[in-house]
Q: 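Dropping the structure in here first, questions after.
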Amino acid sequence: MNEERMRILSLLEEGKISAAEAARLLDAVREAPGTPARSGGGDGSGRVHVQVTDSATGATRVHLTLPAALARFAARLAGKEEVAAELAGAGISADDLERVQEAIAAGTVGTVLEVADGDRGYRIDLWID
């Protein structure tokens with residue numbers, strides 16, 4: 001059993017999270033980041049996952065799942081100047097954003113982006129299934 005699952009079960013056992021929260025977190029790590037990306041069918045029917053993890057505790061702070069079509073739309077918005085500035089503040093460059101857009105368009109499956117910010121203590125993973 002991987003470290004993330006053990007941590008979730010430990011938090012549940014300690015009463016720090018509910019059973020429902022544990023189930024949601026276990027679902028989130030089932031298709032964990034780190035799976036190498038591969039090209040898929042390109043039909044746009046996949047899901048894009050964005051997960052923000054606390055680097056110190058390993059706890060998932062945010063796990064967002066979007067249909068690929070909606071993620072494509074959001075990525076186009078992210079090209080706007082204000083949104084691009086916000087993403088840059090989170091450590092996501094214009095090149096990163098372009099890579100994500102291309103991966104979604106190509107139907108890529110697997111990890112597309114991994115960003116760690118040691119100063120702020122978080123890690124962002126983006127993958128497509």
Q: Output, in order, the C-alpha distance, side-chain angles, deciding distance and verdict of side-chain contact (heavy atoms from CB on, under 4.5 Å) for Ile124 and Glu114.
A: CA-CA 6 Å; Ile124 300 172; Glu114 297 172 319; over 6 Å; no
Q: When rounded to the nearest 0.5 angstrom, what is the spacing between CG in Leu9 and CD1 in Ile17?
A: 8.0 Å
Q: Got Thr60 and Val52 here, is their nearest side-chain heavy-atom distance under 4.5 Å?
A: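 Side-chain contact under 4.5 Å: no.
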Q: Rounded to the nearest 0.5 Å, what separates atom OG1 in Thr65 from atom CD in Gln51?
A: 9.0 Å
Q: Take atom CD of Glu13 as the centre, draw a 6.0 Å sphere, and report whether it contains more than 12 heavy atoms from other residues, nucleotides or ligands.
A: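 No, not enclosed.
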Q: Do Arg7 and Thr57 come within less than 4.5 Å of each other through their side chains, counting heavy atoms only?
A: yes
Q: Apply side-chain contact (heavy atoms from CB on, under 4.5 Å) to Val62 and Val50, showing your working.
A: CA-CA 8 Å; Val62 175; Val50 179; 5.9 Å; no
Q: Find the distance between OH (Tyr122) and CG (Asp117) and round it off to the nearest 0.5 Å.
A: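 It is 4.0 Å, given to the nearest 0.5 Å.
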Q: Looking only at non-hydrogen atoms, find the nearest pair between Val48 and Ala68 and report the distance.
A: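 Closest pair (atom of Val48, atom of Ala68, distance): CG2-CA, 4.1 Å.
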Q: Out of curiosity, Leu66 CG to Ile128 CD1, how far, rounded to the nearest 0.5 Å?
A: 11.0 Å
Q: Do the ring planes of His49 and His63 sit parallel (below 30°), tilted (30 to 60°) or perpendicular (above 60°)?
A: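 Taking His63 first and then His49, their aromatic rings sit tilted (interplane angle of 30° to 60°).
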Q: Would you give the length of the straight line joining atom CZ of Arg61 to atom OG of Ser55, rounded to the nearest 0.5 angstrom?
A: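 OG of Ser55 is found 10.5 Å from CZ of Arg61.
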Q: Specify the closest pair of heavy atoms between Ala56 and Asp54, including all atoms of both residues, with the distance to one decimal.
A: N-OD1, 2.8 Å
